Amino acid sequence: RRGDGDAHGRGRAQPGGHPGLGRGRAAQPGQELAGTLWRASLPIDAPEAAPGAAYLAGRGIPPDVAARAGVRYHPRYPDAVHGVTHRHAALVFRVQGADGAGVAIECRYLEPRPDSAKGKSRGTKGGGVFVALPGALDADGVTVCEGPLTALSMAAGGYPAVALCGQKAAPWLARRLALRDVFVAF
């Protein structure tokens, strides 16, 4: 069996895509690049990922919380500004769909250019969430956040949290969280 790695996308990726992509469905636009960037990134607890771990620590997010959430570090994540590609160190977050398969990645640049966004997405992020605390989607009292760093901050406090990686929830999320206590942190 070709493995997808664990629940956070660590381990072997399916050929041609993001970890967990390709399970009975065609790759969506951007997923090929998402898979390439994901595979080129490092687990946040790798020694070479120290700049990313330091960035998270500066925001009060312990390394073990980030590692359990599957956060990764990319030393040269691409950013196109005015037709020129720049490369920045970035944190990389796996966005999963309703079935747990990866659908996109979201990044956060450690030091974005003044004329650039703080981060960039690849894949179909509107189809999923970043899970900051394993099991959060099945917990009663889950906190829904806009961004991964807010969700990780909640997880650092022991609160089950997920991030939309934007302001629009995936259609399946309301059904998944129905009849449970849900908190919102934006």
Side-chain angles (χ1 to χ4, degrees), residues 4-10 17-21 23 25 27-35 37-38 41 44 52 55-56 59-62 65-74 77 79 88 90-110 112 116-186:
D4 291 335
D6 65 15
H8 304 292
R10 293 183 293 244
H18 184 54
L21 294 179
R23 289 185 187 161
R25 59 182 158 191
Q28 298 296 314
Q31 287 179 335
E32 182 84 21
L33 180 56
L37 291 167
W38 181 260
S41 64
I44 197 66
Y55 179 88
L56 290 168
R59 296 184 66 110
I61 299 167
V65 170
R68 277 196 308 273
V71 176
R72 295 176 72 94
Y73 170 79
H74 196 296
Y77 196 96
D79 176 25
H88 309 279
L91 297 171
V92 184
F93 308 96
R94 179 180 182 268
V95 178
Q96 70 177 48
D99 61 358
V103 295
I105 58 173
E106 174 86 359
C107 93
R108 173 70 178 236
Y109 298 121
L110 303 189
S116 177
K118 294 185 286 186
K120 194 151 205 85
S121 301
R122 303 280 196 239
T124 313
K125 75 174 185 174
V129 295
F130 165 72
V131 178
L133 188 68
L137 285 171
D138 298 316
D140 193 24
V142 64
T143 302
V144 177
C145 307
E146 180 180 6
L149 293 175
T150 304
L152 285 169
S153 295
M154 297 300 296
Y159 298 101
V162 299
L164 303 177
C165 300
Q167 298 176 348
K168 185 177 177 186
W172 58 265
L173 188 61
R175 290 187 301 276
R176 179 84 178 257
L177 300 179
L179 303 176
R180 289 192 263 159
D181 292 330
V182 176
F183 305 96
V184 179
F186 277 75

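Please read these numbers as outputs of a predicted model, since none were measured by experiment. If you read the sequence from its start, that first residue is 1, and numbering goes on from there.
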Checklist entry - Which heavy atom of Leu152 sits nearest a heavy atom of Ala69, and at what distance? => result CD2-CB, 3.7 Å
Item to check | Side-chain donor/acceptor of Asp140 to backbone N/O of Asp181, under 3.5 Å | outcome: yes
Next on the checklist: Looking at every heavy atom in both Ala136 and Val142, which two are closest together, and how far apart are they?
Outcome noted: O-CG2, 3.4 Å
Checklist outcome for this item: In this structure, CG of Leu110 is separated from OH of Tyr73 (nearest 0.5 Å) by 6.0 Å
Checklist outcome for this item: Taken to the nearest 0.5 Å, the spacing of Arg122 CZ from Ile105 CD1 works out to 7.5 Å
Item to check | Residues Leu149, Leu56; criterion side-chain contact (heavy atoms from CB on, under 4.5 Å); working and verdict | outcome: CA-CA 8 Å; Leu149 293 175; Leu56 290 168; 3.6 Å; yes
Checklist entry - Can you name the nearest heavy-atom pair linking Ala161 to Ala151, along with the distance? => result CB-O, 3.5 Å
Checklist entry - Between CZ of Phe186 and CG of Leu164, what distance do you get to the nearest 0.5 Å? => result 4.5 Å
Item to check | Closest non-hydrogen atom pair between Ala155 and Val65, with its separation | outcome: CB-CG1, 3.9 Å
Item to check | Cation-pi, Trp38 ring and Arg94 (6.0 angstrom, 45 degrees) | outcome: no
Checklist entry - Are Glu106 and Pro148 side-chain neighbours, meaning at least one heavy-atom pair lies under 4.5 Å? => result yes
Checklist entry - Would you call Glu146 and Val184 a side-chain contact if the rule is heavy atoms closer than 4.5 Å? => result no
Checklist outcome for this item: Nearest heavy-atom approach of Arg59 to Ser153 is O-OG, 4.4 Å
Checklist entry - Stepwise, does the side-chain contact (heavy atoms from CB on, under 4.5 Å) test hold for Cys107 with His74? => result CA-CA 9 Å; Cys107 93; His74 196 296; over 6 Å; no
Checklist entry - Counting only N and O atoms by type, is there a donor-acceptor contact under 3.5 Å from the side chain of Arg180 to the main-chain atoms of Leu137? => result yes
Checklist outcome for this item: The reported gap from CZ in Phe93 to CZ in Arg72 (rounded to nearest 0.5 angstrom) is 12.5 Å
Item to check | Point-to-point distance, once rounded to the nearest 0.5 Å, from OH of Tyr159 to CZ of Phe183 | outcome: 9.0 Å
Item to check | Check: Pro134 main-chain N/O paired with Arg68 side-chain donor or acceptor under 3.5 Å | outcome: no
Next on the checklist: Using every non-hydrogen atom in the two residues, find where Ala185 and Thr150 come nearest and quote the distance to one decimal.
Outcome noted: O-CG2, 4.0 Å
